[in-house]
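Numbers restart at 1 for each chain; the letters A, B, ... are given by sequence-line order, proteins then strands. Because the structure is predicted, anything quoted here is derived from the model rather than measured.
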Protein chains: 2
Amino acid sequence: MNTLVKRSDVAKLAGVSEATVSRVLNNVGPIREETKNKVLQAAKALNYQPNSIAQCFARGKSGNIGVIVPSFPKVHMLSTYYFSEILSGIGRRLGESNYSLLLVFQPPDQPKNYVQLFQSQKIDGCIILGAKNHESDKEALIHLHHLDLPFIVVNQTYLDYPFHTIDAEHYEGSYKAVSYLINKGFRNIAFVNGSNDFSNSSERFAAYKDALKKAGIEPMENWIFQGNYSRSSGIKIAKEIAPLIPQLDAIFAANDRMAIGLMQGLSELGYKVGKDFALIGYDDSDIASMVNPPLTSVKVPLFDMGKIAAEKIIQMLNHEITEQIHIRLPVTLKERASCCKQIT
Amino acid sequence: MNTLVKRSDVAKLAGVSEATVSRVLNNVGPIREETKNKVLQAAKALNYQPNSIAQCFARGKSGNIGVIVPSFPKVHMLSTYYFSEILSGIGRRLGESNYSLLLVFQPPDQPKNYVQLFQSQKIDGCIILGAKNHESDKEALIHLHHLDLPFIVVNQTYLDYPFHTIDAEHYEGSYKAVSYLINKGFRNIAFVNGSNDFSNSSERFAAYKDALKKAGIEPMENWIFQGNYSRSSGIKIAKEIAPLIPQLDAIFAANDRMAIGLMQGLSELGYKVGKDFALIGYDDSDIASMVNPPLTSVKVPLFDMGKIAAEKIIQMLNHEITEQIHIRLPVTLKERASCCKQIT
DNA sequence: AAGCATAATGAACGCGTGTACATTATTTTT
DNA sequence: AAAAATAATGTACACGCGTTCATTATGCTT
């Protein structure tokens with residue numbers, strides 16, 4: 001890789017001007033077939049590869065889509081089914097495009113400044129994962145929005161702001177989950193939610209209450225718990241929930257990791273899923289089918305959400321989008337053995 | 001984001017030349033304190049952000065480190081503890097540097113050409129994950145190596161080639177695992193390996209045989225199975241292995257996913273881990289502690305491997321590395337309940 | 001065959017930065 | 001105080017490409 005082949009080399013070999021080389025390679029303007037062949041042949045002979053940076057510089061675009069991954073203390077965000085699936089989806093779509101995927105790990109405890117990424121021209125657009133309802137997060141997004149920068153938020157809905165978002169029907173999903181339990185004959189259903197920083201959580205909570213009420217069941221204040229979407233929080237809550245088990249039929253957890261934490265925690269205390277209580281998780285992550293009994297869960301099309309997010313960002317960069325994007329994908333209930341408790 | 005602030009704007013406001021602005025911001029050459037302050041103030045006032053692309057262009061470097069993620073049909077590679085942990089480690093280290101992380105998903109079935117990424121100046125160096133022993137993979141790496149391009153291979157060792165590699169002590173890890181089983185009194189130990197495309201697999205296999213022989217046990221040809229590191233392959237192999245269970249004490253699986261597949265498959269056939277046979281996995285992924293019984297596993301410092309890979313690539317780009325890198329990190333055995341079978 | 005429209009190509013420049021070299025201001029040396 | 005050394009700043013250009021504008025070749029009309 002001593003001296004890279006550049007456009008001028010190709011031009012010289014082909015016996016044409018640099019402009020012609022550029023035109024041939026970019027397919028612009030009318031070109032005589034013969035010239036075209038000469039150029040292509042020369043480019044091939046020299047194994048010419050346009051300098052991406054120079055192209056970007058000349059075009060005034062980076063050709064990169066930034067994907068912002070949040071960071072939480074002690075957790076490797078990517079090692080979470082949720083994020084990795086979305087990221088895979090994004091990668092799949094971008095792989096089919098000419099854009100590159102710039103992975104940006106949001107440093108913890110630092111004020112978020114996505115605008116800088118645009119100002120420095122590092123990215124042309126960005127996809128934001130794991131945004132919270134915090135003021136600081138919202139401000140960062142508002143800042144982007146005010147500058148009319150192309151970005152899209154995945155799996156987080158902001159009611160008060162017209163951001164472009166891709167989300168899933170978490171209200172419906174949770175409603176389905178709880179209704180499913182009710183239809184199975186369970187009536188005493190606890191709810192273990194994740195952090196309220198995410199709109200997902202609020203939606204799930206609302207649906208939980210509504211589904212119960214619809215069935216004529218009054219939600220019980222002390223049957224509602226709050227974890228942080230981690231397995232350990234599920235284990236912790238298991239201890240609080242255990243004394244209530246005699247009265248409880250079922251538990252609805254806001255994600256699979258917490259559900260598994262509950263399973264494990266309660267199991268240690270002598271309560272078995274599918275026997276002493278039913279359990280339903282959320283996300284339908286890979287682990288749902290690995291535990292015993294397998295976990296009934298609400299399947300969220302995370303991969304597709306990533307794909308669509310990438311798709312939409314590309315469209316935005318092509319100015320093919322005029323209206324606000326607010327896509328919500330449907331979710332489905334994946335039945336497994338964790339809800340098989342016999343009603344007594 | 002109408003018109004971006006550029007160096008000339010800062011120079012004008014500060015009343016100095018552009019070169020001086022550049023010098024102040026890059027900390028080169030002697031600068032009068034007063035001038036420095038003027039420039040910094042002007043830059044701040046205008047909220048100046050250097051154009052990253054222009055910088056890269058001028059410097060002749062992209063400032064990107066490419067991370068190559070392989071793709072296999074039907075699997076989202078990232079959603080695998082293995083890859084996501086390594087990637088997180090890489091991200092952590094790069095986040096502390098000035099390099100950006102360009103995530104490159106290797107399209108399936110396409111001839112690999114990493115050189116192109118360098119020729120187009122998209123990346124300055126790269127970290128390759130999931131490389132195989134296939135000719136095509138090796139050729140791609142040899143090509144890189146011949147051109148003296150900075151790259152490092154993670155978790156794959158090539159004996160015949162002087163590539164830079166970061167790996168873990170998989171021979172020792174497997175030896176430990178098998179010896180552990182033997183020390184616990186198990187003597188009839190089956191081995192379920194993953195694809196032979198990976199050096200990891202060969203190492204594990206060799207250690208399995210050696211550990212047995214060391215204990216005076218002759219490895220049995222028909223107690224050796226081959227999966228592909230997926231859970232479904234574990235489930236499939238469970239059917240083959242079931243008839244042997246009466247004679248078998250224990251199974252050593254080359255990764256956790258297959259181990260869990262075995263657990264599930266054998267469980268369906270009536271054989272319980274920790275009762276009818278002992279089971280030990282590999283990777284110590286998050287799922288190991290989620291299953292029941294929890295899976296004893298060999299813990300591989302994937303996150304650290306990623307961190308070190310990034311560290312080394314940065315050093316290579318700084319020309320701080322002269323000798324071949326061939327790091328192998330130690331692994332440890334993580335004991336859990338899956339090896340508690342009572343010897344009869 | 002002259003005139004004109006259009007196709008095909010070349011020449012020249014800008015993109016925003018880093019930096020080598022030239023120039024001027026300041027300090028040190030004698 | 002003059003000369004020399006050094007600090008501080010400015011000028012000019014390169015980096016490799018896309019692209020506008022100018023120019024030349026070709027084909028078509030009358």
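A donor atom on one side chain and an acceptor atom on the other are not found under 3.5 Å apart for A/Q315 and A/N318. Counted by atom type alone, A/E85 and B/H76 present one or more donor-acceptor pairs between their side chains at under 3.5 Å. Inspection of the A/Y82 and A/N155 side chains reveals an N or O donor paired with an N or O acceptor under 3.5 Å.
To the nearest angstrom, P of C/dC15 lies 12 Å from CG of B/D9. Rounding to whole angstrom units, CD of residue B/E18 and P of C/dC15 are separated by 11 Å. Look at CD1 on B/I31: it is 13 Å from P on C/dG18, rounded to the nearest Å. In this structure, the NZ atom of A/K61 is 14 Å from the P atom of C/dG16, given to the nearest Å. Rounded to an integer number of Å, the gap from NZ of A/K36 to C1' of C/dT9 is 16 Å. In this entry the distance linking NZ of B/K6 with C1' of C/dG18 reads 17 Å, nearest Å.
With sequence neighbours left out, B/R92 forms a side-chain hydrogen bond (donor to acceptor under 3.5 Å, both in side chains) with no residue at all.
For the pair B/Y48 and C/dT17, the criterion of a side-chain N or O lying under 4.0 Å from OP1 or OP2 is met. Listed pair B/Q55 / C/dG18 meets the phosphate criterion, a side-chain N or O lying under 4.0 Å from OP1 or OP2. Within the structure, every side-chain polar atom (N or O) of A/R32 is placed at least 4.0 Å from both OP1 and OP2 of C/dA8.
Between B/N26 atom CG and B/I31 atom CD1 the span is 10.0 Å, to the nearest 0.5 Å.
Within 6.0 Å of atom CD in B/Q324, more than 12 heavy atoms from other residues, nucleotides or ligands are found, so the atom counts as buried in its surroundings. By the 6.0 Å contact criterion, CD on B/Q41 is open, its count of non-hydrogen atoms from other residues, nucleotides or ligands being 12 or less.
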Exercise for review: Report the C-alpha distance between B/K112 and B/S136 in whole Å, list the side-chain angles of each, state the deciding distance to 0.1 Å, and finish with yes or no for side chain to side chain donor-acceptor pair (under 3.5 Å).
Suggested key: CA-CA 7 Å; B/K112 324 212 178 219; B/S136 68; 5.8 Å; no
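The nucleotide range of DNA chain D contacted by chain B, defined by atoms under 4.0 angstrom from heavy atoms of the protein and reported 5' to 3', is D/dA7 to D/dG16.
Taking the six-membered ring where the residue is Trp, A/F163 and A/Y161 present parallel rings, their angle staying beneath 30° rather than reaching 60°.
Residue-level contact check: A/R7 touches the bases, meaning some heavy atom is under 4.0 Å from a base atom.
Between B/S17 and B/Q121, the residue whose closest nucleotide on DNA chain D is further toward the 5' end is B/S17.
Listed by residue number, A/A19, A/S22, A/R23, A/N26 are the residues of residues 19-28 of chain A with a heavy-atom contact under 4.0 Å to DNA chain D.
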